[in-house]
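Contents: one structure, followed by commentary.
Residue numbers start from 1 in every chain, and the chains themselves are labelled A, B, ... in the order their sequence lines are given, proteins ahead of strands.
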There are 2 protein chains.
Amino acid sequence: MIRVLRNHITGRLGNDLDNLDKVLSIFKHITTKRNEQLLQQGDICKYVYFIAKGCLQVYVYDKDFNETTRDIVVEDNWCSELLSFGSGKPATENIRTVEPCELFAIDRQNFQTLIETVPQFDKVYKQILEASYANSVYRINTFVSMSALDRIKWLMEYRPMLMTRISSKLIASYLGINKDVFSRLKAKL
Amino acid sequence: MIRVLRNHITGRLGNDLDNLDKVLSIFKHITTKRNEQLLQQGDICKYVYFIAKGCLQVYVYDKDFNETTRDIVVEDNWCSELLSFGSGKPATENIRTVEPCELFAIDRQNFQTLIETVPQFDKVYKQILEASYANSVYRINTFVSMSALDRIKWLMEYRPMLMTRISSKLIASYLGINKDVFSRLKAKL
DNA sequence: GTAAAACATCGACTTTTGTCATCGTTCACG
DNA sequence: CGTGAACGATGACAAAAGTCGATGTTTTAC
């Protein structure tokens with residue numbers, strides 16, 4: 001599984017990283033079941049996770065305590081509550097596994113060490129941040145400019161695998177739609 | 001007006017920046033009227049703007065060519081289409097002034113030079129990115145977890161000055177609500 | 001393997017949100 | 001300082017989205 005992380009890193013920083021194995025050894029390999037809680041809001045987010053296999057849900061609660069999903073992140077991507085991780089302040093979001101996962105976690109201190117010993121790694125952080133931001137921008141634009149039906153079409157076009165892989169309930173909460181409405185709209189396509 | 005930018009920078013990097021004036025001189029001072037177009041989607045975003053005075057709207061069009069507002073940015077903040085600015089790819093968003101503005105613009109090349117000559121400035125970029133991201137995260141969460149009425153209440157709590165300063169039409173498009181609906185809901189508060 | 005729980009769909013109904021037309025009001029700009 | 005365009009409010013109606021209960025299906029967990 002570490003192979004996935006290795007490929008991810010060399011894909012970004014190139015092969016000329018002679019201490020790559022040392023870098024990889026800093027990460028903690030975690031195997032989880034489905035539905036495991038990785039972060040609870042109010043706690044401080046200690047890790048950035050690289051997902052080698054599986055899928056994570058980043059979510060908050062609305063005023064009626066329904067889960068609402070800010071993001072769904074799949075393998076070959078990074079996931080964290082970056083704002084808490086970066087600042088050390090309590091997290092405002094929750095993270096849990098949606099499927100059994102293979103994760104590689106790195107805590108703040110090791111991340112810091114990594115950046116100092118491998119300066120290029122600063123780039124990786126910037127890339128994680130930029131990718132997260134880009135993702136957010138697109139997502140906001142779907143909300144301000146699209147109806148529920150159009151958001152479903154959008155998802156089918158840009159993240160089609162989610163439709164088959166993830167439960168309807170979860171997808172509905174990702175799209176900000178009630179699950180019954182989602183079920184009906186989907187039937188109309 | 002450059003004073004605002006100076007304060008912003010020293011507030012983040014401290015006073016121990018001996019070449020601060022040189023740094024400041026890199027920025028291009030721009031005075032605009034209201035309703036000036038700073039960026040058109042499809043073009044490459046050449047600048048990051050620091051807003052010393054005034055207010056900018058970042059927007060896209062929905063399928064019926066209505067403007068939908070991804071962000072409203074006021075003075076003492078940075079504004080850009082970071083994804084285009086960073087990658088050199090065409091922008092997917094538009095930016096215009098909402099009020100007469102005093103801006104300080106920096107292009108990509110100067111930004112690069114700046115980071116090389118004043119390494120701490122890399123931090124500023126990271127901060128801009130992080131602030132933009134944080135903002136986005138909150139915004140997504142309001143969309144997935146709140147009704148139109150609750151989004152209005154949210155805005156009144158967290159960005160109350162916008163309610164008095166900005167036209168209802170613009171606020172409605174920022175909240176992803178039809179302007180007539182916004183008018184009615186506001187009356188009910 | 002099986003029982004319990006979670007999930008998906010659907011119909012009937014309610015609430016919320018959107019649309020359109022109208023009518024004062026305000027405000028930008030010459 | 002006047003005027004035309006943009007703005008804001010509102011009523012009537014339409015469409016979209018949410019709620020609830022029922023039912024059959026799938027999944028999970030022991």
Side-chain angles (χ1 to χ4, degrees), chain A residues 31-37 54-55 57 59 61-69 72 96-101 142-156 162-189, chain B residues 31-37 54-55 57 59 61-69 72 96-101 142-156 162-189:
Chain A
T31 301
T32 78
K33 287 188 264 187
R34 54 176 246 121
N35 263 323
E36 278 195 28
Q37 201 70 20
C55 177
Q57 174 196 14
Y59 64 101
Y61 293 96
D62 69 13
K63 67 175 196 304
D64 302 323
F65 303 103
N66 299 310
E67 283 176 20
T68 55
T69 301
I72 297 173
R96 81 152 68 91
T97 61
V98 176
E99 305 171 347
C101 288
T142 66
F143 281 111
V144 292
S145 73
M146 290 179 174
S147 67
L149 185 59
D150 287 336
R151 292 205 293 281
I152 295 174
K153 288 179 185 164
W154 183 87
L155 190 69
M156 294 194 344
L162 285 192
M163 293 290 283
T164 54
R165 179 171 172 177
I166 306 294
S167 77
S168 295
K169 188 186 167 196
L170 182 48
I171 292 189
S173 98
Y174 176 72
L175 292 175
I177 309 172
N178 177 282
K179 71 184 166 52
D180 298 336
V181 175
F182 177 67
S183 179
R184 263 178 287 160
L185 290 177
K186 209 173 32 166
K188 277 190 193 160
L189 288 176
Chain B
T31 301
T32 78
K33 289 188 263 188
R34 53 177 247 122
N35 263 325
E36 278 194 29
Q37 201 71 20
C55 177
Q57 174 196 14
Y59 64 100
Y61 293 96
D62 69 14
K63 66 174 195 304
D64 302 323
F65 304 104
N66 299 309
E67 283 177 20
T68 55
T69 300
I72 297 173
R96 80 152 70 89
T97 61
V98 176
E99 305 170 349
C101 288
T142 66
F143 281 112
V144 292
S145 73
M146 291 179 174
S147 67
L149 184 60
D150 288 336
R151 292 205 293 281
I152 295 174
K153 289 180 184 165
W154 182 87
L155 190 68
M156 294 195 345
L162 285 193
M163 293 289 285
T164 54
R165 178 170 173 178
I166 306 295
S167 77
S168 294
K169 188 186 166 195
L170 182 48
I171 292 190
S173 97
Y174 176 72
L175 292 175
I177 309 173
N178 177 281
K179 71 184 164 55
D180 298 334
V181 176
F182 178 67
S183 179
R184 263 179 286 160
L185 290 177
K186 209 174 30 166
K188 278 192 191 161
L189 287 177

How close or far is atom [atom2] of [N] from atom [atom1] of [X], stated in whole angstroms?
X	N	atom1	atom2	result
F65(B)	dT19(C)	CZ	P	15 Å
L170(B)	dC27(C)	CG	P	16 Å
I177(A)	dA17(D)	CD1	P	7 Å
F182(B)	dT16(C)	CZ	C1'	16 Å
I171(B)	dG8(D)	CD1	P	9 Å
D150(A)	dG18(C)	CG	C1'	14 Å
K169(B)	dA5(D)	NZ	C1'	11 Å
L185(B)	dT19(C)	CG	P	14 Å

Side chain of [X] - closest among [options]:
X	options	result
D180(A)	dT9(C), dC20(C), dA9(D)	dT9(C)
A187(B)	dT10(D), dG18(C), dC7(C)	dT10(D)
V181(B)	dG8(D), dA8(C), dT17(C)	dT17(C)
R34(A)	dT9(C), dC10(C), dT28(D)	dT28(D)

Hey, does [X] reach any base, or is it just sugar-phosphate, or nothing, if we go heavy atoms under 4.0 Å?
X	result
K33(A)	nothing
S168(A)	sugar-phosphate
K188(B)	nothing

* Check the pair Y174(A), L155(A) against side chain to side chain contact (heavy atoms under 4.5 Å, CB included), reporting the backbone distance first and the verdict last. => CA-CA 10 Å; Y174(A) 176 72; L155(A) 190 69; 3.6 Å; yes
* To do: Evaluate the side-chain proximity of I152(A) to I177(A): yes if any heavy-atom separation is below 4.5 Å, no if none is.
  => yes
* To do: Would you indicate whether the side-chain heavy atoms of T68(A) and F143(B) approach each other to under 4.5 Å?
  => no
* To do: Select from K179(B) and N35(B) the residue whose nearest nucleotide in DNA chain C is closer to the 5' end of that strand.
  => K179(B)
* All side-chain hydrogen bond (donor to acceptor under 3.5 Å, both in side chains) counterparts of K169(A), not counting sequence neighbours -> none
* To do: Begin with the C-alpha distance, continue with both residues' side-chain angles, and end with the deciding distance and a verdict on side-chain hydrogen bond (donor to acceptor under 3.5 Å, both in side chains) for E67(B) and S173(B).
  => CA-CA 7 Å; E67(B) 283 177 20; S173(B) 97; 5.8 Å; no
* To do: Mark yes or no for a side-chain to base donor-acceptor pair under 3.5 Å between R184(A) and dG18(D), with no hydrogen or angle criteria applied.
  => yes
